[in-house]
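Numbers restart at 1 for each chain; the letters A, B, ... are given by sequence-line order, proteins then strands. All values below come from the heavy atoms of this structure, side chains included, with hydrogens, waters and symmetry mates left out.
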There are 2 protein chains.
Amino acid sequence: MNLSKKQIFMNYTAAKGLKSTRQRDIILDCFLSSEQHLSTEELYLKIKKQNAGIGFATVYRTLKLFAEAGIASEIQLGDGQTRYEHLHAGEHHDHLVCTKCGAIVEFANETIEQLQKDVAQQHGFTIVTHKLELYGTCAACTG
Amino acid sequence: MNLSKKQIFMNYTAAKGLKSTRQRDIILDCFLSSEQHLSTEELYLKIKKQNAGIGFATVYRTLKLFAEAGIASEIQLGDGQTRYEHLHAGEHHDHLVCTKCGAIVEFANETIEQLQKDVAQQHGFTIVTHKLELYGTCAACTG
DNA sequence: GCTTATATTGAAAATCATTCTCAATTAGGT
DNA sequence: ACCTAATTGAGAATGATTTTCAATATAAGC
């Protein structure tokens, strides 16, 4: 799976005439081996531990590149930081966010997706993406 | 309708021991007479045209106060700016956003709301709020 | 393997939206 | 009118992200 993500990214950079660099390899490995929903800064700090000397500007740039290449997608969960999650082709999911402990749970619901399409059609919109986030407290924090 | 929003706000400030000021009156009037979804900066510029000498810090502060008072709510539509919309008690709606012309259409769908609650319950979450945005192109821009 | 053109990098400066600081002003109760 | 606390405006400060730019590294051509 990681192999194919790397493939996709290499194909993308090749097609765009971009170069393959040590930094991008390191950042990609680190991203792929990370849990979901890391913010740019969190990933930057993680990378820095293993490989000093990679600037945060490069991490910002590279994550944007991952998103362009289609192997990552940006999410904003209301804490003012952009996070990136792994993107599996054709898949889509939404988020439950615990406002107390910050836990993030993913879910997918085909019926909701379909209703969204219906709503969009009623208003003449052609939907490209959507964002659905449910904010509240998780089981542990609700106690 | 505007009268009752003013009432709600006056009740809120009174209960909190806050004072009623010229600036807050102007900002409230301007907000109430504005279209939905204005960003803080847009509202600030609109106010400035009519009443020079109101600082942007005051507009920021006052809009936050409107949100606290329950007559406005903050929304983030992915353009990096916080927008405020009129909040009608008990009502909730979501947004269709045209990524070409920036048009924003509101919609409400009871079935989706119910499904969200179901999903949350399945994961043990107690939902407080949610955010649903559909991004795509509106009828005019799709052509 | 060396040259060359171009993409990339790191560091610092710049930007953008928003918040904070603080001295000066103002509202509201007494 | 007087006092106390809330409010204001301006600018500084903040935090996340982007840009700039000179130095460096990569891929392609010879």
Side-chain angles (χ1 to χ4, degrees), chain A residues 9-31 37-69 72-84 102, chain B residues 9-31 37-69 72-84 102:
Chain A
F9 184 62
M10 285 174 67
N11 291 163
Y12 179 80
T13 51
K16 279 257 183 176
L18 305 178
K19 292 171 180 173
S20 120
T21 68
R22 186 181 65 90
Q23 287 83 336
R24 295 221 259 244
D25 287 347
I26 291 170
I27 296 170
L28 182 52
D29 281 340
C30 194
F31 173 69
H37 314 118
L38 251 57
S39 68
T40 311
E41 201 193 350
E42 285 163 350
L43 197 68
Y44 167 63
L45 292 174
K46 192 179 167 195
I47 288 167
K48 215 174 161 187
K49 270 189 210 154
Q50 317 172 337
N51 293 274
I54 291 190
F56 64 87
T58 302
V59 178
Y60 271 95
R61 283 186 284 234
T62 306
L63 284 174
K64 273 195 172 296
L65 204 54
F66 291 170
E68 280 174 38
S73 78
E74 300 187 351
I75 50 172
Q76 239 105 38
L77 259 27
D79 63 349
Q81 279 184 265
T82 300
R83 292 166 187 284
Y84 286 84
Chain B
F9 184 62
M10 286 174 66
N11 291 161
Y12 179 81
T13 51
K16 280 258 183 175
L18 306 178
K19 294 172 178 172
S20 119
T21 66
R22 186 181 63 89
Q23 288 84 335
R24 295 221 258 245
D25 287 349
I26 291 171
I27 296 170
L28 182 54
D29 281 341
C30 194
F31 173 69
H37 315 117
L38 249 58
S39 70
T40 311
E41 201 194 348
E42 286 164 352
L43 197 67
Y44 167 62
L45 292 174
K46 193 179 166 195
I47 289 168
K48 215 174 159 186
K49 268 189 210 153
Q50 316 172 338
N51 293 274
I54 291 189
F56 64 88
T58 302
V59 177
Y60 271 93
R61 283 186 284 234
T62 306
L63 284 174
K64 273 193 171 298
L65 204 54
F66 291 171
E68 279 173 40
S73 78
E74 301 187 350
I75 50 172
Q76 239 103 40
L77 259 28
D79 64 348
Q81 278 183 264
T82 300
R83 293 168 184 284
Y84 287 85

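Checked against side-chain contact (heavy atoms from CB on, under 4.5 Å), K19(B) has no partners two or more places apart in sequence or in another chain. Annotation: side-chain contact (heavy atoms from CB on, under 4.5 Å) contacts of S20(A) (sequence neighbours excluded): none. Under the rule for a salt bridge (charged side-chain N to carboxylate O under 4.0 Å, His left out), E68(B) has no partner lying at least two apart in sequence or in another chain. By the salt bridge (charged side-chain N to carboxylate O under 4.0 Å, His left out) test, D25(B) is found to be paired with no residue, residues two or more places apart in sequence or in another chain being considered. Residues satisfying the side-chain contact (heavy atoms from CB on, under 4.5 Å) test with T82(A), not counting sequence neighbours, are E74(A), Q76(A), Y84(A). Residues satisfying the side-chain contact (heavy atoms from CB on, under 4.5 Å) criterion with S39(A), sequence neighbours excluded, are E41(A), E42(A), Q81(A), R83(A). Shown here are the side-chain hydrogen bond (donor to acceptor under 3.5 Å, both in side chains) partners of N11(B), two or more places apart in sequence or in another chain: there are none.
Atoms CD1 (I26(B)) and P (dT26(C)) sit 13 Å apart, rounded to a whole Å. One can place CG of L63(A) at 15 Å from P of dA16(D), the figure rounded to the nearest angstrom. Following rounding to the nearest Å, I47(B) (CD1) and dG9(D) (C1') show an atom-to-atom distance of 14 Å. Between L77(B) atom CG and dA17(C) atom P there is a gap of 15 Å when expressed in whole angstrom units. Remark: C1' of dA17(C) and CD of E42(B) are 13 Å apart, rounded to the nearest angstrom.
Considering only heavy atoms from C-beta on, F66(B) comes within 4.5 Å of I27(B) through its side chain. The shortest distance between side-chain heavy atoms of L65(A) and Y12(A) falls below 4.5 Å.
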Can you give me the N/O atom pairs linking the protein to nucleotides 17-21 of chain D at distances under 3.5 Å, or say none if there are none?
from    : atom 1 : to     : atom 2 : distance (Å)
dT17(D) : OP1    : T82(A) : N      : 2.7
dT17(D) : OP1    : T82(A) : OG1    : 2.7
dT17(D) : OP2    : Y60(A) : OH     : 2.7
dT18(D) : OP1    : K64(A) : NZ     : 3.2
dT20(D) : O4     : R61(A) : NH1    : 3.4

Any N/O pairs under 3.5 Å between the protein and nucleotides 2-4 of chain C? List them or say none.
none

With 3.5 Å as the limit, what N/O pairs link the protein to nucleotides 28-30 of chain D?
none

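Between the T13(B) side chain and the F9(B) main chain, a donor and an acceptor come within less than 3.5 Å of each other.
In this structure, OG1 on T62(B) lies 8.0 Å from CD on Q23(B), to the nearest 0.5 angstrom. Summarising the geometry, atom CZ belonging to F31(A) is positioned 10.5 Å from atom NZ belonging to K46(A); distances are rounded to the nearest 0.5 Å. The CG atom of L43(A) lies 7.5 Å from the OG1 atom of T40(A); values are rounded to the nearest 0.5 Å.
DNA chain C lies under 4.0 Å from at least one heavy atom of each of the following residues of residues 15-23 of chain A: G17(A), L18(A), K19(A), T21(A), Q23(A).
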